[in-house]
Amino acid sequence: MAKGFYISKNMGLAGLLMGTVAVVIIIALAAVYDKEKTKNQNKPVDGVAMLTTASPTTSSTLSTPKDPWEHYRLPDSLSPVSYNITLWPRLVVNASTGLYIFTGQSAVVFQCKKDTDLIVIHCNKLNLTLLNGHHARLTGLDGATAPTVKTSWLQVKTEYLVIQLNGKLTAGKSYRLSTDFQGELADDLKGFYRSEYTEDGGKKVVATSQMQATFARKAFPCFDEPAMKAVFHITLIHQRGTVALSNGRDVETVNSTIDGTEVTMTRFEPTKRMSTYLLAFIVSDFDHITGSIENNNVLVRIWARRKAIAEGHGNYALNVTGPMLKFFERYYNASYPLSKSDQIALPDFNAGAMENWGLITYRETALLYDPAISSVGNKERVLTVVAHELAHMWFGNLVTLRWWNDLWLNEGFASYVEYLGADYAEPTWNIKEQTILNDVHKVFAVDALASSHPLSRKEEEVNQPDEISEMFNTISYSKVLYVLENLLQQVLTTPGMSLPHTVHDIMNRWILQMGFPVVTIDTAMGHITQKHFLLDPDSVVDRPSPYNYTWLVPIKWMKGGVEREQHWLLQETGISNASVSGSEWVLANLNVSGYYRVNYDMDNWERLLNQLTTDHTVIPLINRAQIVDDAFNLARAKVINSTLALRTTRYLSQERDYIPWESALRNLNYYILMFDRGQAYGVLQQNLATLRMFRVNVIVFVLFNDADFVFMQLFIDRIHPNLKKTVYCNAIAAGGVEEWDFAWQMFKNATVATEAAKLRSSLACTKVPWLLNRYLDYSLDPAKIRKQDCTSTINYIAGNVVGMPLAWDFIRARYGGGSFSFSNLINSVTRRFSTEFELKQLKQFKEDNARVGFGSGTLALEQAIERTTANIKWVAENQEHVMKWLANECT
């Protein structure tokens with residue numbers, strides 16, 4: 001267990017016989033790659049799942065790197081064994097530099113795998129102390145003689161420390177490389193960084209970390225690739241009165257004086273063999289609450305600002321952590337692998353959470369819950385995010401992806417398992433039903449673009465840090481959830497294992513090619529066909545597929561309300577017994593058990609609509625939501641007409657379940673985005689009111705539209721937490737500068753992160769342009785808006801029909817290079833783009849900034865252009881029909 005484990009085929013067969021779902025899924029995924037592993041002759045790495053889909057190839061272009069330090073991947077000549085790391089973050093500004101800094105020493109023990117006279121190790125933005133005139137000191141171990149250093153330098157582009165030797169390291173021998181260094185404890189949310197907050201009237205500073213995916217090299221020199229696992233011995237030096245945390249339990253705390261400064265030295269137990277991206281170091285004056293896993297000696301703690309802990313905001317997370325850890329122990333059939341489980345809420349954190357092994361870091365909104373102020377939605381977010389991160393403690397941390405091109409296996413599996421853990425902790429919430437809204441519909445929207453990508457990409461496509469960051473997208477997180485939960489379980493639970501093809505062949509169709517099919521059923525003849533579904537049917541798919549974009553599709557279906565035997569569609573066309581007569585109807589993809597959309601002949605659509613109107617409960621809940629979503633997206637792709645899609649909403653006056661309503665609202669929101677700047681919006685708005693689709697919003701809008709500002713001030717504390725966001729938004733939208741400034745002060749004074757988040761999003765609801773422009777300026781001022789919230793604040797403003805062009809101008813005027821946040825920015829600001837002028841602006845923006853580049857936002861920009869092109873066509877072809885239908889409905 002200390003070294004993790006490698007999933008072999010024999011283990012797979014044994015696990016399959018045991019029948020546990022977790023092992024079955026992991027085995028099947030290993031089986032998918034069995035042939036590729038054999039073909040590429042990949043050697044198992046202890047504790048690393050070998051999941052390469054293709055051997056790396058060298059580009060034949062003129063820009064092919066020649067020297068090892070010009071490549072973004074490490075050479076395979078060295079393998080780390082252990083690190084001894086001491087870090088000392090200063091929580092006050094350095095007098096000589098005017099910066100917050102940290103100092104450190106690192107000694108990495110590595111084994112030589114191939115004779116070499118070169119050491120290449122990651123190092124980024126660190127000032128290395130020269131040792132005997134060089135950047136590092138090399139020592140031989142266990143009788144090995146270390147060659148002397150010839151020269152050393154920092155390769156900035158590829159983020160390496162390069163050391164050339166006067167002789168060769170010997171294969172099979174071990175060596176130690178020692179470095180002393182200094183770095184900036186910046187507020188950039190990467191590597192070892194600084195977070196600040198105000199409590200009891202004073203500013204406090206936290207030293208914290210975020211290593212995933214390529215930021216450990218910014219904290220200390222290291223072999224910063226996920227397969228390069230090692231044991232880490234960590235010591236943190238910190239000012240007296242603060243608490244130091246890392247991945248393991250602290251085993252020694254000693255007060256000392258260094259260079260006249262009184263400090264505490266905290267040493268931690270050695271970690272398990274683990275990847276660098278899972279490391280965590282934190283120094284703060286936070287407080288905590290404590291629990292444990294039942295019948296286990298694992299220490300469970302929730303850490304946060306002292307005031308948050310004192311007011312009980314960490315209690316809910318603590319209450320669900322223990323039960324979920326026990327659930328995952330049974331699910332994985334393996335004990336929790338560490339001695340402790342710390343979870344900490346940070347004031348500044350770029351991601352939602354990070355699964356550092358033994359010390360999980362969160363945004364405050366993802367871990368803290370105040371029942372007096374926070375909404376049910378906030379509570380649900382805490383539940384699902386905690387479940388997601390705890391799931392990683394086994395799958396992702398104990399068993400780790402070999403390289404980032406297979407990130408889908410790591411994040412997708414956690415996205416799947418999070419719903420199981422959350423459902424166990426809160427069984428009455430029916431949380432698993434939310435997957436269709438939170439994951440399936442969301443990933444369908446991206447995977448229906450010609451610029452999408454397969455779950456697993458070739459290694460050579462994912463090398464640079466920006467390319468790695470680009471992998472952290474909806475495809476990696478959400479698509480695999482349905483491949484795992486539905487397709488794979490169907491495959492492995494088929495009675496008698498009578499599958500039409502091998503598991504390998506079936507899974508490869510879904511993993512190694514992008515997109516998904518639309519399955520069309522002709523109930524008159526029983527014919528079934530499949531076709532690659534594209535939101536814009538005129539778009540050109542440049543990425544080739546080894547399977548010609550056909551899938552092996554398991555179709556669960558019912559006829560006349562009775563479930564029938566599953567049918568496999570193995571070619572582009574097939575024949576089934578789905579023909580009907582009279583009033584019988586056919587419904588396919590029961591409970592959205594497959595990753596595809598469904599279309600029917602017109603007669604069957606009419607029978608389904610009639611069934612929804614007469615007794616919608618005969619159709620399963622999830623399928624009612626999916627009928628709506630399929631219809632609207634089929635209409636956008638010109639498969640069916642838009643009026644048919646709109647007719648699926650007529651029955652909603654009888655619907656009492658949340659999921660179908662939310663599905664309809666999200667799809668109708670596309671109509672709002674396309675029409676809210678034109679004459680069609682008036683008719684659409686009238687129809688929505690008639691259907692009572694925004695009944696809460698309408699009530700609140702009317703209330704505040706006619707109320708004076710005093711009313712808002714008097715009753716602000718009486719608003720139910722679940723309604724606060726709607727009330728705040730509509731009050732600010734109906735008001736002016738006085739209301740905005742009042743809400744801004746509420747935001748600045750908020751001490752609960754979820755309350756501050758509601759106010760921050762609502763401030764973007766104003767219809768006053770100069771206030772929105774001022775708010776855009778505020779978003780770049782860390783004294784007003786935290787850096788972690790800059791992107792989402794601009795996105796909120798772009799979501800306002802008045803703010804969208806302002807946000808677009810703001811981004812274009814200030815763009816200076818790609819970043820992880822740019823993907824979210826460009827997706828949000830272009831959601832309404834539907835004119836030739838906007839498409840021209842978008843293409844011009846791409847051309848103007850081609851030299852600077854778009855980094856991890858490159859794909860997002862291409863997708864924005866593709867979506868805008870599709871929007872232009874859709875509006876031109878559908879606006880008149882939609883207006884006519886809406887007008888008829890309102891009369």
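Model, not experiment: these values are computed from the prediction. Keep in mind that the numbers below use all heavy atoms, side chains included, and drop hydrogens, waters and symmetry copies. All residue numbers in this chain count up from 1 along the given sequence.
In this structure, a donor-acceptor pair under 3.5 Å is absent between the side chains of Thr214 and Glu159. When only modelled atom types and interatomic distance are considered, Gln111 and Lys113 share a side-chain donor-acceptor pair under 3.5 Å. Neither side chain, His71 nor Asn463, offers a donor N or O lying under 3.5 Å from an acceptor on the other. A donor atom on one side chain and an acceptor atom on the other are found under 3.5 Å apart for Asn255 and Thr264. For the 3.5 Å distance criterion, the side chains of Asp250 and Thr266 fail to qualify, holding no donor opposite an acceptor.
Expressed to the nearest 0.5 Å, how far CG of Leu126 lies from CG of Asp180 amounts to 11.5 Å. Separation of atoms CG (Leu189) and CZ (Phe215) is listed at 9.5 Å; rounding is to 0.5 Å.
One N or O on the side chain of Glu70 and one on the backbone of Lys66 form a donor-acceptor pair closer than 3.5 Å.
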Just distance, no hydrogens or angles: give the donor-acceptor pairs under 3.5 Å from side chains in residues 278-286, sequence neighbours left out.
| residue | atom | partner | partner atom | Å |
| --- | --- | --- | --- | --- |
| Ser284 | OG | Phe286 | N | 3.2 |
| Asp285 | OD1 | Tyr197 | OH | 2.8 |
| Asp285 | OD2 | Lys204 | NZ | 3.0 |

Passes side-chain contact (heavy atoms from CB on, under 4.5 Å), Phe349 versus Glu364? Steps please. CA-CA 9 Å; Phe349 192 70; Glu364 290 190 338; over 6 Å; no
Audit row: Asp259, Thr261, side chain to side chain donor-acceptor pair (under 3.5 Å) steps and yes/no: CA-CA 6 Å; Asp259 296 333; Thr261 302; over 6 Å; no
Please step through side-chain contact (heavy atoms from CB on, under 4.5 Å) for the pair Val231 and Val81, ending with a clear verdict. CA-CA 6 Å; Val231 174; Val81 176; over 6 Å; no
As a quick check of understanding, evaluate side chain to side chain donor-acceptor pair (under 3.5 Å) for Thr321 and Gln343, giving each step before the final call. CA-CA 10 Å; Thr321 294; Gln343 299 176 88; 2.8 Å; yes
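Across every non-hydrogen atom of Lys229 and Asn397, the tightest pair is NZ-O, 3.5 Å. Nearest heavy-atom pair across Ala107 and Arg176 is CB-CD, 3.7 Å. Counting all heavy atoms, side chain and backbone alike, Pro347 lies closest to Glu196 at CB-O, 4.0 Å. The two residues Leu161 and Ala136 have their closest heavy-atom pair at CD2-CB, 4.4 Å. The two residues Ser856 and Ser823 have their closest heavy-atom pair at O-OG, 3.0 Å. Nearest heavy-atom pair, Lys272 versus Pro337, reported as atom, atom and distance to 0.1 Å: CE-O, 3.0 Å.
The residues Asp188 and Lys190 are annotated as not salt-bridged, no charged nitrogen and carboxylate oxygen being separated by less than 4.0 angstrom. Lys150 and Asp117 are not joined by a salt bridge, as no carboxylate oxygen comes within less than 4.0 angstrom of a charged side-chain nitrogen. Of the charged side-chain nitrogens involved, at least one lies within less than 4.0 Å of a carboxylate oxygen, so that Arg786 and Asp348 count as a salt-bridged pair. Asp142 has no carboxylate O lying under 4.0 Å from a charged side-chain N of Lys173, or vice versa, which leaves the two without a salt bridge. Salt-bridge annotation for Lys125 and Glu184: absent, with no side-chain N of the basic residue lying under 4.0 Å from a carboxylate O of the acidic one.
Note: Tyr83 and Phe220 meet the aromatic proximity criterion, with ring centroids under 6.0 Å apart. Ring pair Tyr160/His122: centre-to-centre distance below 6.0 Å. Between Trp357 and Phe232, the distance separating the two ring centers is not shorter than 6.0 angstrom.
Relative orientation of the Tyr477 and His388 rings is parallel, given thresholds of 30° and 60° on the angle between their planes.
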